[in-house]
Amino acid sequence: PLKQKGDEVVVLAQVLAHEANLGYEHLIDLHLLKFNGVEVKSLGHLNDLISENEEQFMTLEFAPEEGGRLIVMERALCEQATEDVCKEHSIGSHYVLRTDTV
C-alpha cells in the first residue's frame, strides 16, 4: 500500500535478456518492494538508490503475492550489462524513467 503522497507502485515489467541476467528473462509484471533492503517509494527513488549504490551486490525483493522472489546481482556486472542492453536495443539513456502523472 502507498503510504504517502508521491509514493508509486514500481513494477518490473520485462527483463531484456543478457548473459548477466540469464534465468531472469522470463520474469514479468512483478511488484518491487525493496532494493538492498530499502523500501522503494517510487521509480525516481529506485533510480536514486541504484545511482548511489556502492555495494558489491544489488538485491531486489518482490511482493510475496508474486512468489516473493529475491534477486541478487553483482553491481559491476549489472553496470556493464546495462551498457550492452541499452546499445543493443537502441535505448539512449541507461535509466529511462517514466514518471507520468495522471
Side-chain angles (χ1 to χ4, degrees):
L2 303 179
K3 295 180 180 176
Q4 60 188 8
K5 184 176 172 109
D7 284 359
E8 302 170 332
V9 174
V10 177
V11 175
L12 171 69
Q14 178 183 9
V15 176
L16 299 175
H18 185 275
E19 62 187 31
N21 61 33
L22 190 63
Y24 298 126
E25 66 277 357
H26 66 283
L27 300 178
I28 58 169
D29 299 332
L30 298 178
H31 177 190
L32 179 64
L33 297 178
K34 295 181 181 179
F35 175 84
N36 282 1
V38 177
E39 187 174 336
V40 175
K41 298 178 181 182
S42 67
L43 196 54
H45 182 232
L46 175 61
N47 186 58
D48 292 344
L49 292 172
I50 292 170
S51 298
E52 297 166 3
N53 179 44
E54 295 183 2
E55 300 294 324
Q56 180 179 357
F57 295 97
M58 300 188 315
T59 61
L60 301 159
E61 296 177 48
F62 295 93
E65 298 83 17
E66 298 163 24
R69 289 182 172 83
L70 174 68
I71 295 175
V72 179
M73 299 176 291
E74 188 174 351
R75 180 179 51 86
L77 186 58
C78 286
E79 289 171 356
Q80 182 58 52
T82 298
E83 294 280 336
D84 296 345
V85 168
C86 286
K87 184 176 179 181
E88 181 179 340
H89 294 278
S90 301
I91 300 171
S93 177
H94 299 169
Y95 302 103
V96 179
L97 297 181
R98 195 174 117 202
T99 57
D100 300 352
T101 55
V102 179

Take Val9 and Leu2, measure what side-chain contact (heavy atoms from CB on, under 4.5 Å) needs, and give me the verdict at the end. CA-CA 7 Å; Val9 174; Leu2 303 179; 3.9 Å; yes
Go through the steps to decide whether Glu8 and Leu43 satisfy the test side-chain contact (heavy atoms from CB on, under 4.5 Å), and finish with yes or no. CA-CA 7 Å; Glu8 302 170 332; Leu43 196 54; 3.8 Å; yes
Between Glu25 and Asn21, does the side-chain hydrogen bond (donor to acceptor under 3.5 Å, both in side chains) criterion hold? Intermediate values first, please. CA-CA 7 Å; Glu25 66 277 357; Asn21 61 33; over 6 Å; no
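Once rounded to the nearest 0.5 Å, the distance linking CD of Glu19 with CD of Gln80 reads 9.5 Å. Going from atom CD of Glu52 over to atom CD of Glu54 covers 9.0 Å, rounded to the nearest 0.5 Å. Rounded to the nearest 0.5 angstrom, Asp48 CG and Ser42 OG are separated by 7.5 Å. Interatomic distance, Asn47 CG to Phe35 CZ, rounded to the nearest 0.5 Å: 10.5 Å.
Every residue was checked against the side-chain hydrogen bond (donor to acceptor under 3.5 Å, both in side chains) condition with His45, not counting sequence neighbours, and none meets it. Looking at residues two or more places apart in sequence or on another chain, you find a side-chain contact (heavy atoms from CB on, under 4.5 Å) between His89 and Leu16, Val85, Ile91. Considering only residues two or more places apart in sequence or on other chains, Gln4 meets the side-chain contact (heavy atoms from CB on, under 4.5 Å) condition with Asp7, Lys41. Applying the side-chain contact (heavy atoms from CB on, under 4.5 Å) test to Leu77 and every residue at least two apart in sequence or in another chain returns Ala20, Glu74.
A salt bridge between Lys87 and Glu83 is absent, with no side-chain N of the basic residue lying under 4.0 Å from a carboxylate O of the acidic one. Salt-bridge annotation for Lys3 and Glu39: present, with a side-chain N of the basic residue lying under 4.0 Å from a carboxylate O of the acidic one.
Gln14 and Ile28 get closest at one heavy-atom pair: CA-CG2, 4.4 Å. Shortest non-hydrogen contact noted between Leu33 and Pro64 is CD1-CD, 3.9 Å.
Side-chain heavy atoms closer than 4.5 Å link hydrophobic residues (I, L, V, M, F, W, Y) into clusters, and following such links, possibly through other members, connects Ile50 to Val40.
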Name the atoms and distances for all side-chain donor-acceptor pairs under 3.5 Å in residues 56-63, with sequence neighbours left out.
residue, atom, partner, partner atom, Å
Thr59, OG1, Asn36, N, 3.2
Thr59, OG1, Asn36, OD1, 3.3

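Using modelled atom types, no side-chain atom of Glu55 and backbone atom of Asn53 make a donor-acceptor pair closer than 3.5 Å.
Proximity of Leu12 to Asp29: side-chain heavy atoms (C-beta onward) are nowhere separated by under 4.5 Å.
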